[in-house]
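Single-structure report; data block below.
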Amino acid sequence: MLVDLDYFYAQCEEKRDPSIKEKPVVVSVYSGRTEDSGVVSTANYIAREYGVRSGIPISVAKSRLREVDAVFLPVDHAFYDEMSEKVMVILRSYADRFEEVGIDEAYLDVTERAGRDYGAATEIARDMKGEVKAHLGLTCSIGIAPNKVVAKIAADVNKPDGLTVVKPDAMREFLNPLPVGSLIGVGKKTEDRMKAMGIGTIGDLAQIDEKTLIDTFGQKLGSYFRRAANGIDDTPVQERGERLSVSRISTLKEDTRDLKAISRLSDRLCDDIYSMLIERNLGFTSIAVVAITRDLAVHTKSKTLERPSDRPEILRNTATALLSELLDELELPVRRVGVRVSGLAKAETPNKRLTDFT
DNA sequence: GTATGCTTTCGGC
DNA sequence: TTACGGCCGAAAGCATAC
């Protein structure tokens with residue numbers, strides 16, 4: 001089954017201050033460039049009635065809510081992380097196997113404790129929803145199905161506070177009428193490409209021969225689409241390992257092509273990443289930068305070191321060099337700058353020593 | 001051709 | 001009409017080695 005906490009950030013804010021829960025609540029990332037620049041991260045269902053959705057500019061949200069007593073709040077990740085941890089402890093206790101997906105989502109394999117019975121699985125889900133509600137006051141939506149791909153879609157069709165069960169015999173009729181965009185992995189771009197091929201629903205997709213799909217979308221995606229559309233997925237529910245990368249991105253106060261201004265911001269991002277690496281005693285092997293230009297186009301450049309490093313100046317200098325190269329390839333001014341490190345490796349020596357002697 | 005590694009883009013939240 | 005964040009993982013695309 002897939003458990004998805006409803007409108008998570010906004011629901012957390014409603015718990016912190018229950019007086020707002022009868023109003024539209026909009027939680028946003030403010031870029032700091034102007035008073036209202038930034039985008040909506042999550043909105044509660046009252047705000048959604050006004051067309052306020054994740055990803056729209058704050059200014060758009062404000063104009064859609066201009067005649068209403070709405071609450072606009074900045075994101076508070078520390079608080080949501082804390083709530084998430086508490087939820088995950090409860091969810092994990094209901095699972096044979098557990099896989100945390102994001103801050104607000106998790107897959108649970110309950111096959112064994114439900115004795116392969118969908119009625120029993122449904123009872124488990126109800127109990128779990130009850131406990132999350134009683135202990136933390138949060139609602140969630142749950143999809144129960146024979147596999148992860150279908151469970152995810154099932155959780156999506158009935159929100160908030162939903163519980164949808166799709167048994168093996170019902171998979172075809174459940175999936176066929178849904179738009180291809182319901183499938184995980186089919187975003188806007190892929191959906192447009194499929195539409196152009198005359199594929200609108202999952203049922204349409206299920207009929208396309210595998211060769212065509214592989215030729216169009218590549219080996220992995222093509223065969224995944226084919227199987228997923230037919231309700232086939234044998235990927236296990238399993239614990240996720242350590243994080244593979246750490247990144248920071250931020251918006252410049254104003255668009256610029258001045259390397260000084262760009263590297264000033266880049267240095268800040270590097271320092272922030274570096275302090276995270278120190279905390280976890282990690283080195284990095286690969287450094288990538290991203291520059292988002294005035295037209296919101298994304299440009300990246302990366303470099304892999306010959307061996308892992310734990311030196312902050314390597315991080316800073318490499319990032320700036322990459323950004324300088326990237327800038328040479330671009331014509332428009334830069335709006336946002338980001339740095340990402342990957343190839344994370346445990347540093348051999350304890351941190352104290354590292355900073356003292358290397 | 002296969003395996004492998006690096007860079008860039010895409011999708012989800 | 002426009003408006004516009006900050007993360008993460010995974011795969012495609014490409015190059016290279018054998």
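So you know, we letter chains A, B, ... as the sequences are listed, proteins then strands, and number each from 1.
Remark: the separation of the P atoms in B:dC13 and C:dC4 is 25 Å, to the nearest Å.
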Sugar-phosphate means primed atoms, P, OP1 and OP2; the rest is base. With that split, encode nucleotides 8-18 of chain C 5' to 3' as B, S or - using protein heavy atoms under 4.0 Å. BBBSS------
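Among the protein residues, A:T251 comes within range of the sugar-phosphate backbone only, with heavy atoms under 4.0 Å from sugar or phosphate atoms but none that close to a base. At a threshold of 4.0 angstrom between heavy atoms, the contacts of A:D36 with the nucleic acid are absent. At the heavy-atom level, A:G102 lies nowhere under 4.0 Å from the strands shown. As judged by a 4.0 angstrom heavy-atom cut-off over every strand, A:I184 is placed among residues touching the sugar-phosphate backbone only. A:V40 comes within 4.0 angstrom of no nucleic acid atom, judged by non-hydrogen atoms across all strands. If you check every strand for non-hydrogen atoms under 4.0 Å, A:L322 touches nothing. Here A:K152 lies in heavy-atom contact (under 4.0 Å) with sugar-phosphate atoms only. Note on A:S54: nothing from the nucleic acid sits closer than 4.0 angstrom, heavy atoms only.
Within the 4.5 Å cutoff, the side chain of A:V132 has heavy atoms near those of the A:L91 side chain.
When the nearest nucleotides of DNA chain B are assigned to A:T285 and A:V298 by heavy-atom distance, the more 5′-ward of the two goes with A:T285.
At the phosphate of B:dC6, neither OP1 nor OP2 sits under 4.0 Å from any side-chain N or O atom of A:S286. Between A:S302 and B:dT7, a side-chain N or O to OP1/OP2 separation shorter than 4.0 Å is present. Between A:T190 and B:dG11 there is a side-chain N or O to OP1 or OP2 distance below 4.0 Å.
In summary, A:D233 and A:K148 do not engage in a salt bridge, as defined by a charged side-chain N under 4.0 Å from a carboxylate O. Of the charged side-chain nitrogens involved, none lies within less than 4.0 Å of a carboxylate oxygen, so that A:D209 and A:R226 do not count as a salt-bridged pair. Under 4.0 Å is where a charged nitrogen must lie from a carboxylate oxygen, and between A:K301 and A:E329 at least one such pair does. The existence of a salt bridge linking A:R33 and A:D255 is confirmed by a sub-4.0 Å separation between a basic side-chain nitrogen and an acidic carboxylate oxygen. A salt bridge links A:E112 with A:R97: the closest approach of a Lys/Arg side-chain nitrogen to an acidic carboxylate oxygen falls below 4.0 angstrom. A salt bridge links A:K211 with A:D215: the distance from a Lys NZ or Arg NE/NH1/NH2 to an Asp or Glu carboxylate oxygen falls below 4.0 Å.
Across C:dG5, C:dA3, C:dG6, the shortest atom-to-atom separation from the side chain of A:V39 is found for C:dG5. When each of B:dT9, B:dC13, C:dG5 is scored by its nearest atom to the side-chain atoms of A:T300, the top-ranked nucleotide is B:dT9. Comparing B:dC6, C:dC7, C:dG5 by their closest approach to the side chain of A:R335 singles out C:dG5.
In this structure, A:E329 places its CD atom 13 Å from P of B:dT7, rounding to the nearest Å. Taking atom CG of A:D272 as the reference point, atom C1' of C:dG6 lies 12 Å away to the nearest angstrom. Computed from coordinates, the A:R336 CZ to C:dG5 P distance equals 6 Å when rounded to whole Å. Between the CG atom of A:L65 and the P atom of C:dA3 there is a distance of 20 Å, given to the nearest Å. Following rounding to the nearest Å, A:I58 (CD1) and C:dG6 (P) show an atom-to-atom distance of 10 Å. Rounded to whole Å, atom C1' of B:dC13 lies 16 Å from atom CD of A:Q11. For the pair A:L296 CG and C:dA3 P, the interatomic distance rounds to 7 Å; values are reported in whole Å. Across the protein-nucleic acid pair, A:D76 atom CG and C:dG6 atom C1' stand 15 Å apart, rounded to whole Å.
Relative ring orientation between A:F217 and A:F225 is described as perpendicular, the plane-to-plane angle rising above 60° on a 0-90° scale split at 30° and 60°.
When each of A:V87, A:I90, A:V89 is paired with A:H135, the side chain to side chain contact (heavy atoms under 4.5 Å, CB included) condition holds for A:I90 and for no other. The one candidate from A:T139, A:D104, A:L136 that meets the side chain to side chain contact (heavy atoms under 4.5 Å, CB included) condition with A:L5 is A:D104.
Using a 4.0 Å cut-off on heavy atoms, the residues of residues 24-35 of chain A that approach DNA chain C are A:V29, A:S31, listed by number.
With hydrogens and angles ignored, the 3.5 Å screen pairs a side-chain donor or acceptor of A:D6 with a backbone N or O of A:D161.
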